[in-house]
*Asks:* 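A single structure is presented below for examination.
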Amino acid sequence: MPYNLYESVCNYKKWQYKLQICIEQHDGIDTEKQQQKTTFEPLINETSVDSTKAEIIASSTKILFLPINQKSGYTASSNVPSSIHLRQLINIRQIKKKEKTKNGFLNSLSEKKRSKRTRPFVEPTTLHTQNANVNKDSTDSLRLSMPIINAEDQEALTSISPILTDKSTELSSESAPSMSHRAFAPIEEDTGIDDQEQKSKTCLLTYTDTKSPFRWILKRLVIELKTNEEADIFCMQLTKCLSMLKERPKHLLAFVNPLCGKGKGRPIYEKKIRTLFDEAQVNVDTIYTERANHARDYIRDETLKKYDGIICVGGDGMFSELCHGLLLKTITESNLDINEPRINLIRPETRIGIIPAGSTDAVVYGTTGMNDPITSALQIITGESLLIDLTTIHSEQGFVRFMATMMAYGFFGDIIHSSESWRCLGPFRYDLAGFKQFLRNKSYDCKLSITLSPADASLHHSSELGASQPLQVTTTKQKLIQHTTRTDDTLKEIVSPRAQFCNRNCDKCSVDDSKTDPEFRLPLQIEKQGRYTTINCLNMPCRCKKSKYGMSPFVHLGDGSFDLILVERSWRLGFLRFLWQVASDSRQIDQLANVERYRVYEVLIKPELINSKQPSYWSCDGELISGNEIQIRVHRQALNLFARGIVFEQDENINKLKKAEKQTFFSWFRSKK
Ligand SMILES: Nc1ncnc2c1ncn2[C@@H]1O[C@H](COP(=O)(O)OP(=O)(O)OP(=O)(O)O)[C@@H](O)[C@H]1O
């Protein structure tokens, strides 16, 4: 049975609700009612709460709104959610009815107007007999950029407001007999309103609506309690609970790239994001970058212990700067040699966040599902956490750089090189360079040494496979399966893993392989030699506006692997098919005759200058890099991001796409030759 930390009755416009702050059942804590009391009762008096209790409260506390008299034909407002999880709550404060929000919009009508509409408190049981005028619902909980009061609101607010009764107050206090609100230690908080306002009985709850899997929305709810004191206690209880959410950052360092995405970084930050952080009472120190690598150098050289996280407003280039700064700092502090190709990265303690304002935003698409600055800011504020893989790139001269999204040799490397001289054209330069490279249809000879990824660490354990000798190195996946004594599905799963989106709480990424010694893993190697139009390594799906699923839809963000996509030399039509699928639906890309996809732990790419007069250019995360032989190695969950991961309704999406495919004129174009 849940434990009620607070219980009362509140009004939202003309609707009346039983209001509860409730800690839901939790193993070992809530099984016995008696135990609940001894566990949570002291919370009211405590100024500091132990971490276990804080964790329980953080994970299982909800604000419940239970409509009163709904059964008697009194429809609840659709603006009031049935519950708000503590994790969704951004801020709670008492407001004067006149008070404007920070955006300058009215949250409620004036005291005068309200008093005209508001009737004295009446028995809730008689509410249905009032023949209340139930207006079409309206919203005062829109996105920040929209006004909160609209015409419908005005209408709703001028109707009768049902209020709580003495009887219901008694009921409330009976159902939470152990509470002593008065004894609760108040928390000092600078709400920006004076004492008189703090005693208001109107409360403003700001919370995140997470119903949509991709786009999070900031909502506001103005409720009225019976007395100023009740509102005071309600706010204090919730503020205390909010202070127990340890994963939430309190102090952030933000780098804003004023030049990113055609100069939209500064306006996005100043108009949309800063108010959000203010509202959530997150302290942000802001630095506007003045040159390339400004953020990287600052992070690497300065002490950042006082920050709970570092964020950037920009594109993938800025994200890469943050990664480099933070990882290089951690490597130096740990006395590791970054030039050693077999280095094992140590995950920095500081989390990184990114507010998308770039022209591609592949990292944000890959980790939140879309490039919405407000969604990303809300995920930072609520302290979402996502562990992602990162890869190191080494050449024969040592460390080159970290790769977060994609490394390319061949077609895409050449595009980056050609587009450098057309910078004045903006993002259009990539289209132009792409067209030029497509017409050239160049291909390059290469040798590759591919170490397949342990799809599941235990499958690679020698004792598990019952063999101490390494498996034979072969040239194709099929031969690798044939050469091994094991031909069961587990090995096939390593060699040709199932196509499965990386979901939030993905089972592949949550496997704990930290206890498995990498030395015990069997090398599942493939040697390849051929002529390729492009060789791509993808650490993320690389979704963007131009590619719905990205080049590699099934790459996992934190499973200790990346995707290697090889496109063999072909006629232009063959390569056009590949490009077409990348743009439209890349889920079956490896079924094209000229395309192979491997899930890889490490790969060594050696260009061979036999027929080609000169090698291709290498590009990594949109930047040119240099080297003859390049070795790419993945580091499992090397970074902690402020992001939620993507919540896919897999089957639903796949079915929708299948339906659409049947009707597509170009569906023939996607099939294998
Ligand atoms: N003040 C600055 N002046 C010049 N370059 C800068 C400045 N600040 C950052 N940079 C550099 O600009 C590059 C591109 O920035 P960013 O990635 O933020 O935007 P973008 O290129 O528009 O987006 P995307 O990478 O998603 O396409 C980064 O590599 C960064 O090093």
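Values reported hereafter were calculated over all heavy atoms of this structure, with side chains retained and with hydrogens, waters and symmetry mates removed. As the structure lists them, so they are numbered: ligands from 1, and atoms in each ligand from 1.
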*Asks:* Is His294 touching ligand 1 with its side chain, its backbone, both, or neither, if touching means heavy atoms under 4.0 Å apart?
*Replies:* neither

*Asks:* Which protein non-hydrogen atom lies closest to atom 27 (O) of ligand 1, naming both residue and atom, and how far is it?
*Replies:* Thr360 OG1, 2.8 Å

*Asks:* Going by the order shown, which atoms of ligand 1 are within less than 4.0 Å of some heavy atom of Glu290?
*Replies:* 1 (N), 2 (C)

*Asks:* Below 4.0 angstrom from a heavy atom of Gly314, which ligand 1 atoms are there? Numbered from 1 as shown, please.
*Replies:* 18 (O)

*Asks:* Indicate whether any N or O donor in one side chain lies under 3.5 Å from an N or O acceptor in the other, for Thr368 and Gln379.
*Replies:* no

*Asks:* Tell me, yes or no, whether the heavy-atom count around Glu247 atom CD, taken from other residues, nucleotides or ligands under 6.0 Å, exceeds 12.
*Replies:* yes

*Asks:* Gly265 and Val313: which non-hydrogen atoms are nearest, and at how many Å?
*Replies:* O-CG1, 3.6 Å

*Asks:* For Phe435, is the CZ atom crowded, meaning more than 12 foreign heavy atoms sit under 6.0 Å from it?
*Replies:* no

*Asks:* Of the choices Asp316, Val363, Asn257, Ile354, which has the non-hydrogen atom that lies closest to atom 24 (P) of ligand 1?
*Replies:* Asp316

*Asks:* Phe438 vs Phe575 aromatic rings, parallel, tilted or perpendicular, using cut-offs 30° and 60°?
*Replies:* parallel

*Asks:* Looking only at protein heavy atoms, which one is nearest to atom 20 (P) of ligand 1, and what is the separation?
*Replies:* Ser359 OG, 3.6 Å

*Asks:* Would you call Thr350 and Leu304 a side-chain contact if the rule is heavy atoms closer than 4.5 Å?
*Replies:* no

*Asks:* Is the Tyr409 ring parallel, tilted or perpendicular to the Trp618 ring (thresholds 30°, 60°)?
*Replies:* tilted

*Asks:* For atom 5 (N) of ligand 1, which protein heavy atom lies nearest, and how many Å away is it?
*Replies:* Ala292 N, 3.7 Å

*Asks:* Can you pull out the closest protein heavy atom to atom 19 (O) of ligand 1? Residue, atom name and distance to 0.1 Å, please.
*Replies:* Cys260 CB, 3.3 Å

*Asks:* Around atom 22 (O) of ligand 1, find the nearest protein heavy atom and jot down its residue, atom name and distance.
*Replies:* Gly261 N, 2.8 Å

*Asks:* What part of Thr289 sits under 4.0 Å from ligand 1 if we count only heavy atoms: the side chain, the backbone, both or neither?
*Replies:* both

*Asks:* Can you list the ligand 1 atoms lying under 4.0 Å from a non-hydrogen atom of Asn293?
*Replies:* 31 (O)

*Asks:* So, the side chain of Asp621 versus the backbone of Met403: is there a donor-acceptor pair under 3.5 Å, distance only?
*Replies:* no

*Asks:* If you measure from each non-hydrogen atom of Glu321 to ligand 1, which part falls under 4.0 Å: side chain, backbone, both or neither?
*Replies:* side chain

*Asks:* Nearest protein heavy-atom contact for atom 3 (N) of ligand 1: which residue, which atom, what distance?
*Replies:* Leu259 CD1, 3.3 Å

*Asks:* Closest by any non-hydrogen atom to atom 28 (C) of ligand 1: pick that one out of Gly265, Gly622, Gly317.
*Replies:* Gly317

*Asks:* How are the rings of Phe501 and Phe554 set to each other: parallel, tilted or perpendicular (split at 30° and 60°)?
*Replies:* tilted

*Asks:* Would you check the N or O atoms of Gly315, main chain and side chain alike, for any that come under 3.5 Å of an N or O of ligand 1?
*Replies:* yes

*Asks:* What I'd like to find out is whether the side chain of Asp563 reaches to under 4.5 Å of the side chain of Arg599, using heavy atoms alone.
*Replies:* yes

